[in-house]
Number of protein chains: 4
Amino acid sequence: MTKHNVHASVKDEKLVMKRREQMVKGAVQLFKQKGFHRTTTREIAKAAGFSIGTLYEYIRTKDDVLYLVCDSIYDNVKERLEQALSLDKVSVLSLRQAIANYFKVMDELQEEVLIMYQEARSLSKESIPYVLKKELEMVQMFEDLLRQCAEDEGISLTEKEIGAIAHNIFVQGQMWGFRRWVMQKLYTLEEYTELQSNYLLYGMYMRKEEMGK
Amino acid sequence: MTKHNVHASVKDEKLVMKRREQMVKGAVQLFKQKGFHRTTTREIAKAAGFSIGTLYEYIRTKDDVLYLVCDSIYDNVKERLEQALSLDKVSVLSLRQAIANYFKVMDELQEEVLIMYQEARSLSKESIPYVLKKELEMVQMFEDLLRQCAEDEGISLTEKEIGAIAHNIFVQGQMWGFRRWVMQKLYTLEEYTELQSNYLLYGMYMRKEEMGK
Amino acid sequence: MTKHNVHASVKDEKLVMKRREQMVKGAVQLFKQKGFHRTTTREIAKAAGFSIGTLYEYIRTKDDVLYLVCDSIYDNVKERLEQALSLDKVSVLSLRQAIANYFKVMDELQEEVLIMYQEARSLSKESIPYVLKKELEMVQMFEDLLRQCAEDEGISLTEKEIGAIAHNIFVQGQMWGFRRWVMQKLYTLEEYTELQSNYLLYGMYMRKEEMGK
Amino acid sequence: MTKHNVHASVKDEKLVMKRREQMVKGAVQLFKQKGFHRTTTREIAKAAGFSIGTLYEYIRTKDDVLYLVCDSIYDNVKERLEQALSLDKVSVLSLRQAIANYFKVMDELQEEVLIMYQEARSLSKESIPYVLKKELEMVQMFEDLLRQCAEDEGISLTEKEIGAIAHNIFVQGQMWGFRRWVMQKLYTLEEYTELQSNYLLYGMYMRKEEMGK
DNA sequence: AATGAATGAGTTTTCATTCAT
DNA sequence: AATGAATGAAAACTCATTCAT
């Protein structure tokens with residue numbers, strides 16, 4: 001793991017994991033409500049179920065909490081994404097299914113994703129590249145899927161095109177949560193999925209038709 | 001004006017405008033660098049060129065500064081958007097031009113837009129609806145354009161479809177600045193514009209072809 | 001003055017001087033009682049007669065208080081030393097008078113001097129040379145006096161001898177305050193002065209006799 | 001033993017002694033570097049080679065560590081002083097040797113002595129008299145030596161004179177370490193010893209001469 | 001209108017000490 | 001006897017806001 005470590009005074013690895021889980025869980029709830037800056041370390045400790053002193057046995061600074069939270073969210077998203085995208089056969093149709101699955105994940109985790117985007121700026125200089133790397137890995141999951149699908153279906157796509165489509169899928173998923181105040185007034189998740197899938201995959205359909213001619 | 005007013009102790013309207021302009025200009029620079037929360041009111045006053053006491057003659061709380069900044073950025077974006085979208089003839093081709101113009105505006109104002117998205121959460125409950133309204137107005141500009149274009153070109157689009165396309169255009173423009181750390185490594189603005197326009201307008205092209213048959 | 005400056009947010013130089021005087025006065029009282037480390041910044045502010053916020057308008061860190069206190073004590077000691085040593089005629093007899101005056105100063109400022117010695121270690125790396133310099137200047141005042149006296153009385157002393165005597169005078173004065181718990185039980189100030197002067201000046205007397213032969 | 005006891009939970013006396021030795025050894029190193037107040041109990045435990053929990057089995061409070069350290073340093077100094085001053089014959093000449101030996105001890109233990117002087121203030125009210133007593137015992141060692149010497153050489157000295165000389169010897173030894181930043185720039189240990197011995201013993205020489213006449 | 005000194009509640013962080021295992 | 005996780009009081013320092021000039 002290239003994860004840059006957050007120092008803990010406590011030695012027991014198992015315990016560190018457990019306490020950090022509690023901590024992240026509490027912090028996420030608070031960050032959802034009031035954001036990182038308006039949340040105090042005391043509140044985090046309380047939400048985690050231990051004292052302020054104990055909190056600082058597992059982190060060095062408040063910024064560490066933010067990093068741990070972002071890290072955890074990414075891991076969470078990625079894990080669920082891996083499940084959502086593990087399809088046996090990769091046709092254009094199953095690509096639609098993958099997108100739908102992804103959108104559903106983003107719907108469920110929308111608040112967590114919101115935290116990441118709004119507080120990312122406050123991450124320390126050292127944490128940022130690590131977090132960005134994780135994001136790229138996720139986009140790559142879509143790229144792999146697209147490449148496979150293009151191959152299976154005999155559609156030729158340049159790498160740049162694959163990158164752009166993957167990116168657009170990724171962004172459109174985030175938008176559902178990120179701009180929910182408007183999107184979720186206009187569409188149901190199903191409608192949104194249908195609509196966006198069409199646009200996202202128009203390119204692929206057209207290529208297929210072209211080639212079929 | 002539906003703008004919910006920020007109270008100023010000073011009566012002279014002209015002066016209030018002038019001072020707030022100074023204030024916003026200074027604050028934007030600071031927010032770009034360190035975000036709203038890490039910027040102090042003293043720094044804002046200094047960057048604006050007057051004393052902390054004077055600053056508080058023109059606002060009531062630090063949150064007012066954020067609102068004023070967001071408000072100003074929106075006005076700025078909207079004004080430039082109006083110029084960018086004022087096309088005499090509205091063909092599908094000119095729609096591409098409008099998108100290109102919009103993306104260029106977003107490229108130039110990317111840091112300001114970033115501020116808006118990252119600090120929006122910190123806006124007071126009362127300010128949020130006003131700010132959201134402004135955003136909807138901008139999306140509507142695209143909807144109008146699309147509706148007009150569809151009519152001119154004889155393409156039939158449902159309102160939901162128009163809304164979705166408008167929204168996608170809007171979002172993709174923001175993404176250019178928002179996710180610049182990856183997008184701007186992969187593409188030039190021109191490439192990005194070309195690529196996204198294709199996907200954004202595939203739907204329209206297809207309809208046209210269908211109808212043309 | 002080579003004094004390395006302590007930053008103050010307040011601009012008004014006069015006010016800064018006044019507030020720092022208050023601050024040092026309060027801090028000295030507290031340091032006398034409980035030492036630097038056991039004194040809190042809040043206590044210092046209170047003793048100075050203003051709020052904790054105001055205290056920090058005139059210093060950057062608690063260490064600054066210690067520096068300011070040491071600086072002030074040195075200035076105080078030096079000023080009084082200058083008065084005490086300003087003798088019109090410099091005979092061996094008047095040298096005794098100078099020593100007596102110096103010991104009296106040290107008797108009066110014994111607690112301040114105690115602070116300096118016990119808290120010197122806590123001074124920041126940058127402050128130390130400045131403080132040491134001041135001390136050397138004081139020793140030099142004795143050296144000048146001794147050199148003059150030796151010349152006037154026709155006694156030849158090497159620079160090393162002058163340095164050693166000056167230093168011993170200086171140290172013995174400090175000891176009166178520094179080891180008061182024992183010295184002041186055994187001797188009155190007058191007895192101590194008489195006793196130490198004899199030892200300190202034996203060397204000079206002897207030389208004079210030798211030369212007189 | 002007049003030593004006021006530091007409470008230990010552990011019963012095994014031997015073990016208590018052993019652990020406290022470890023503790024003091026570690027603490028002295030730390031106090032040398034950063035002083036008592038800037039050293040944490042955790043650091044002390046670590047330097048001693050056991051856990052914080054164990055540390056508290058052998059002391060009640062952090063202040064106990066300071067007392068134990070001071071106590072140990074005194075014992076150390078005293079022991080070496082006893083060796084240094086155990087001369088078979090006591091002439092004025094051998095007195096010079098005793099002073100030289102003492103100065104050498106102080107040179108070797110200068111950092112320990114520094115700790116004692118700078119942290120003495122932090123000792124608890126109850127510990128102070130005990131520590132002062134130890135110091136007086138050391139001065140008395142010089143007094144005994146001087147008294148013996150005076151007797152052997154047939155020099156008559158009042159008790160006050162003996163006390164003053166003994167005290168001066170003691171202080172000058174400490175000064176070598178205490179004011180090393182200046183003394184050790186000006187003199188080598190040998191020069192300093194020579195110079196100070198002269199001044200310290202001038203009185204005795206003179207008496208001898210006087211009496212010899 | 002403008003200034004900037006004063007305020008003190010609130011924040012992060014530390015660390016001596018305890019106590020269950 | 002030894003451990004080290006847990007505790008929370010207390011510390012230094014910040015900063016939005018006020019108000020006398």
Side-chain angles (χ1 to χ4, degrees), chain A residues 8-12 15-16 18-19 37-45 49-65, chain B residues 8-12 15-16 19 37-46 49-65, chain C residues 8-12 15-16 18-19 37-45 49-65, chain D residues 8-12 15-16 19 37-46 49-65:
Chain A
S9 302
V10 172
K11 309 262 174 85
D12 184 339
L15 191 55
V16 171
K18 184 182 150 197
R19 291 280 179 258
H37 282 104
R38 298 214 199 270
T39 301
T40 69
T41 50
R42 290 194 121 81
E43 287 171 322
I44 294 169
F50 35 70
S51 70
I52 183 67
T54 300
L55 179 70
Y56 274 89
E57 291 286 310
Y58 296 93
I59 53 160
R60 266 225 238 274
T61 68
K62 192 186 172 191
D63 283 345
D64 284 346
V65 180
Chain B
S9 305
V10 174
K11 300 293 163 212
D12 181 342
L15 191 55
V16 172
R19 292 275 180 263
H37 282 102
R38 297 211 202 271
T39 300
T40 69
T41 51
R42 284 175 133 92
E43 287 172 322
I44 294 168
K46 197 176 173 190
F50 39 70
S51 71
I52 182 66
T54 301
L55 181 71
Y56 274 84
E57 294 289 316
Y58 296 93
I59 54 161
R60 264 226 240 273
T61 69
K62 190 186 173 191
D63 284 344
D64 285 346
V65 180
Chain C
S9 303
V10 173
K11 308 264 175 87
D12 183 340
L15 191 56
V16 171
K18 184 182 151 199
R19 291 279 179 260
H37 282 103
R38 297 213 200 270
T39 301
T40 70
T41 52
R42 288 194 124 82
E43 287 171 321
I44 295 168
F50 37 69
S51 70
I52 182 68
T54 300
L55 179 71
Y56 275 88
E57 291 286 310
Y58 296 93
I59 53 162
R60 266 226 239 272
T61 68
K62 191 186 173 192
D63 283 346
D64 284 345
V65 181
Chain D
S9 306
V10 174
K11 300 293 163 212
D12 182 342
L15 191 54
V16 171
R19 290 278 179 260
H37 281 102
R38 299 211 200 271
T39 300
T40 70
T41 51
R42 283 176 133 91
E43 287 170 322
I44 294 168
K46 196 177 176 190
F50 38 70
S51 72
I52 182 67
T54 302
L55 180 71
Y56 273 86
E57 293 289 315
Y58 296 93
I59 54 162
R60 266 229 237 274
T61 70
K62 191 188 173 190
D63 284 344
D64 285 346
V65 180

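Excluded from the calculations below are hydrogen atoms, water molecules and symmetry mates; all remaining heavy atoms, backbone and side chain alike, are included. Below, chains carry the letters A, B, ... as their sequence lines are ordered, and counting in each starts from 1.
Taking atom CD1 on D:Ile59 and atom P on E:dA16, their separation rounds to 10 Å, with Å as the unit. Atom CD of A:Glu43 and atom P of F:dG8 are 17 Å apart (whole Å). Spacing between atom CD of A:Glu57 and atom P of E:dT17 amounts to 16 Å, rounded to whole angstrom units. Computed from coordinates, the C:Arg19 CZ to E:dA6 C1' distance equals 9 Å when rounded to whole Å. Straight-line distance from the CD1 atom of A:Ile52 to the P atom of F:dG8: 11 Å, rounded to whole Å. Rounded to an integer number of Å, the gap from NZ of D:Lys62 to P of F:dA9 is 20 Å. When rounded to the nearest whole Å, the span between CZ of B:Arg60 and P of F:dT17 equals 12 Å. The CG atom of D:Asp12 sits 6 Å away from the P atom of F:dA1 (whole-angstrom rounding).
Considering only side-chain N and O atoms, C:Tyr58 lies under 4.0 angstrom from the phosphate OP1 or OP2 of E:dA6. A close approach under 4.0 Å does not occur between any side-chain nitrogen or oxygen of A:Tyr56 and OP1 or OP2 of E:dT14. Contact between the side-chain N/O atoms of D:Thr54 and the OP1/OP2 oxygens of F:dT3 is found at a separation under 4.0 Å. Between E:dC15 and D:Arg38, no contact under 4.0 Å exists linking OP1 or OP2 to a side-chain N or O. The side chain of A:Ser51 places no N or O atom within less than 4.0 Å of a non-bridging phosphate oxygen (OP1 or OP2) of F:dA6. Residue B:Thr41 places at least one side-chain N or O under 4.0 Å from the OP1 or OP2 atom of F:dA16.
The partner of F:dC13, taking Watson-Crick or G-U wobble pairs whose two distances both stay under 3.5 Å, is E:dG10. When both distances must be under 3.5 Å, the Watson-Crick or G-U wobble mate of E:dC15 is F:dG8. Using N1 to N3 plus N6-O4 or O6-N4 for Watson-Crick, or N1-O2 and O6-N3 for G-U wobble, each under 3.5 Å, E:dA20 pairs with F:dT3.
For E:dT13, its base sits under 3.5 Å from the side chain of A:Arg42 at one donor and acceptor pair at least.
Comparing A:Leu55 and C:Asp63, the nucleotide of DNA chain F nearest to each residue sits closer to the 5' end for A:Leu55. Between A:Leu15 and C:Gly53, the residue anchored nearer the 5' end of DNA chain F, judged by the nucleotide with its closest heavy atom, is A:Leu15.
Here the CZ atom belonging to B:Arg42 is positioned 11.5 Å from the CG atom belonging to B:Leu55, to the nearest 0.5 angstrom. Taken to the nearest 0.5 Å, the NZ atom of A:Lys11 stands 11.0 Å off from the CD atom of A:Glu57.
Which of E:dT7, E:dA5, F:dA5 sits closest to the side chain of C:Val10 comes down to E:dA5.
Across all strands shown, B:Lys46 has no heavy atoms under 4.0 Å from either base or sugar-phosphate atoms. If you check every strand for non-hydrogen atoms under 4.0 Å, D:Thr40 touches sugar and phosphate atoms only. Contact annotation for D:Ser9: no contact, since no heavy-atom pair falls under 4.0 Å across all strands.
For B:Ile44 against B:Val65, the heavy-atom pair with the smallest separation is CD1-CG1, 4.0 Å. Considering all non-hydrogen atoms of both residues, B:Ile59 and B:Thr61 come closest at CD1-O, 3.5 Å. When all heavy atoms of B:Tyr56 and B:Lys62 are compared, the pair lying nearest together is OH-N, 4.2 Å.
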Does D:Asp64 form a side chain to side chain contact (heavy atoms under 4.5 Å, CB included) with D:Tyr58? I'd like the steps, not just the answer. CA-CA 9 Å; D:Asp64 285 346; D:Tyr58 296 93; over 6 Å; no
